[in-house]
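As structure tokens, the structure follows; a few thoughts come after it.
Chain letters run A, B, ... following the sequence lines, proteins first, then strands; residues in each count from 1.
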Protein chains: 2
Amino acid sequence: MGHMTTESKPARPELPASPPLTERQEARRRRILHTSAKLASRGGFDAVQMREVAELSGVALGTLYRYFPSKVHLLVATMQDQLQHLHETLRKRPPSEEDPGARVAQTLMRAFRALQREPHLADAMVRALTFADRSVSPEVDTVSRLTTAIILDAMSLDGPPTPEQLSAVRVIEHTWHSALITWLSGRASIAQVKIDIETVCRLIAVTSRPR
Amino acid sequence: MGHMTTESKPARPELPASPPLTERQEARRRRILHTSAKLASRGGFDAVQMREVAELSGVALGTLYRYFPSKVHLLVATMQDQLQHLHETLRKRPPSEEDPGARVAQTLMRAFRALQREPHLADAMVRALTFADRSVSPEVDTVSRLTTAIILDAMSLDGPPTPEQLSAVRVIEHTWHSALITWLSGRASIAQVKIDIETVCRLIAVTSRPR
DNA sequence: ATCAGTTCTGAAACTTGTTCTAGATTACCG
DNA sequence: CGGTAATCTAGAACAAGTTTCAGAACTGAT
């Protein structure tokens, strides 16, 4: 995979992020993300080829790399994008269960069903996420924050979450990502993922009750 | 990363696995694994370069690929190897805690400290593990079974584990892998990983008690 | 409208995983 | 020991991620 060295970079001198993007730049960015999602839906991680993304987006390869400094950056950004949509969708139909743990489980299973409809896209995004090295940390962190927000939303707590609840949420996220990976690589069935999610969601009850 | 297509392969026709290896073949395999671990210890996933592994192992590139059909296969096999060692080491000093959950947490923290001594090696192995696609499933499954065995050992149950306990162990494994990734990519501190492990290990208490 | 600086393009080059091929070596069988 | 099939070697070739560079197009300020 080319270089992908783990060296520290001198605080990326460019990147169209700090200065606000012009309209055409925003459009380019959007076009690239769209192409990326389309190719990913077709054939997963391997099907997203930088040259092809550039070509289909009507952009030079160098430009693609200016917007997204690596394939992993691109796919993580794609995931951010998709997660935003998901978050909005989920917001509209809040979970119906009573128990907070059950609500979270229900929400995650909804998300899981959405991923099942686009397994290749899921593959590309999740693989990129777990393969990301330190240079992608900020972007991965954003994804993580989004996921946390979705779970906390599902819990619909009265007040702010306790540290214990936040720990439980972290563990739920861990389980969620890892369970997805086992499913995507064919080592776990859908039913198994469901069980794992339901199992980990019991932690919410544990951390809500006084010990 | 070259090809790495996701297509199904025709049930690998060769591979020195089914027929027992000759002595020289066993030696070659061992040499390769050793080189792999050495390079990985130096610079992580990226530092394990197939040409260099071949050269340092005194083996042609084609031979390396005959023994390990991809870089990910090689690194997962390396992980298998390391896990065996770890398992034996852990067996010698069983955890001292009373509570099963605490025993598991203690064991995993020991393993974590071992990984901290070779963070680059840990990086290479864990990244390979989570990046593995379907073609590596059998090997990844072996690693998973080893990990399960280590955790079950730490629990030192009286009888065979209940299905609920097995679910808890699965979730613990998920958390373990994912927490390692966040640590390796610099998004979580050692202390944070510790908290996550301790949090998830509470599930053992939950699933041991009658509900 | 012009100029300077940035951004974008097109194309080649480079890196590393992976595959392929022709010829040597080795292992095993009679 | 001789022959044959499997294995190994050396090296080229190929694929896809990444970098680089010269020049065209665009932007913003004057």
Side-chain angles (χ1 to χ4, degrees), chain A residues 1-7 9 12-29 31-32 36 39 43-55 57-75 124 127-128 131-133 135-136, chain B residues 1-7 9 12-29 31-32 36 39 43-55 57-75 124 127-128 131-133 135-136:
Chain A
M1 69 193 36
H3 304 177
M4 189 163 291
T5 55
T6 317
E7 292 157 28
K9 291 176 184 173
R12 52 186 189 178
E14 37 202 350
L15 281 197
S18 318
L21 301 169
T22 72
E23 205 163 318
R24 309 186 38 168
Q25 287 176 322
E26 188 58 52
R28 268 193 207 104
R29 197 187 129 84
R31 229 157 47 218
I32 292 172
S36 165
L39 289 180
F45 189 89
D46 293 333
V48 180
Q49 302 195 352
M50 299 304 269
R51 287 176 235 265
E52 197 176 357
V53 171
E55 201 169 339
S57 307
V59 135
L61 191 54
T63 305
L64 172 54
Y65 273 95
R66 174 191 268 281
Y67 281 73
F68 301 97
S70 79
K71 175 169 172 173
V72 169
H73 281 85
L74 170 58
L75 285 174
R127 296 264 290 286
F131 195 62
D133 68 354
S135 70
V136 204
Chain B
M1 66 198 40
H3 305 173
M4 188 163 292
T5 54
T6 318
E7 292 157 28
K9 292 177 184 173
R12 50 186 189 177
E14 37 199 351
L15 281 197
S18 317
L21 302 169
T22 73
E23 206 164 315
R24 308 185 37 162
Q25 287 176 323
E26 188 56 54
R28 270 193 206 103
R29 184 169 193 285
R31 231 157 44 217
I32 292 171
S36 166
L39 289 180
F45 189 90
D46 293 332
V48 181
Q49 302 197 352
M50 299 303 270
R51 284 176 237 266
E52 198 176 357
V53 171
E55 203 169 338
S57 307
V59 134
L61 190 54
T63 305
L64 172 54
Y65 272 95
R66 174 192 268 279
Y67 280 72
F68 302 97
S70 78
K71 173 168 172 172
V72 169
H73 280 85
L74 171 58
L75 285 173
R127 296 263 290 285
F131 194 61
D133 68 355
S135 69
V136 204

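In this structure, the side-chain contact (heavy atoms from CB on, under 4.5 Å) partners of B:Glu52, at least two apart in sequence or on a different chain, are B:Leu39, B:Gln49, B:Leu56. Every residue was checked against the side-chain contact (heavy atoms from CB on, under 4.5 Å) condition with A:Ala47, not counting sequence neighbours, and none meets it. Partners of A:Ser57 according to the side-chain hydrogen bond (donor to acceptor under 3.5 Å, both in side chains) rule, which considers only residues two or more places apart in sequence or in another chain, are A:Thr35.
Counting non-hydrogen atoms under 4.0 angstrom, A:Val53 reaches nothing in the nucleic acid.
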Distances for protein N/O vs nucleotides 8-10 of chain C N/O pairs under 3.5 angstrom?
| from | atom 1 | to | atom 2 | distance (Å) |
| --- | --- | --- | --- | --- |
| C:dC8 | OP1 | A:Arg28 | NH1 | 2.7 |
| C:dC8 | OP1 | A:Tyr67 | OH | 2.8 |
| C:dT9 | OP2 | A:Ala60 | N | 3.0 |
| C:dT9 | OP2 | A:Thr63 | OG1 | 2.7 |

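One interatomic measurement links the two molecules: CD of A:Glu26 to P of C:dT7, which rounds to 15 Å at whole-angstrom precision. To the nearest angstrom, P of D:dC8 lies 18 Å from CD of B:Glu55. Computed from coordinates, the B:Leu75 CG to C:dT18 P distance equals 10 Å when rounded to whole Å. Atoms CG (A:Leu74) and P (D:dG17) sit 10 Å apart, rounded to a whole Å. Computed from coordinates, the A:His73 NE2 to D:dT19 P distance equals 11 Å when rounded to whole Å. What separates CG of A:Asp46 from C1' of C:dT18 is a distance of 13 Å, to the nearest Å. Straight-line distance from the CZ atom of A:Phe68 to the P atom of D:dA16: 22 Å, rounded to whole Å. Whole-Å rounding puts the B:Lys71 NZ to C:dT15 P distance at 16 Å.
Both A:Arg24 and A:Arg51 lie near DNA chain D, and the one whose nearest nucleotide falls closer to the 5' end is A:Arg51.
With B:Phe45 as the aromatic partner, B:Lys71 meets the cation-pi criteria of under 6.0 angstrom to the ring centre and within 45 degrees of the ring axis.
For the pair B:Asp133/A:Arg127, a side-chain contact is recorded, criterion being any heavy-atom separation below 4.5 Å from C-beta on. Side-chain contact between A:Tyr67 and A:Gln25 is present, with heavy atoms from C-beta onward closer than 4.5 Å.
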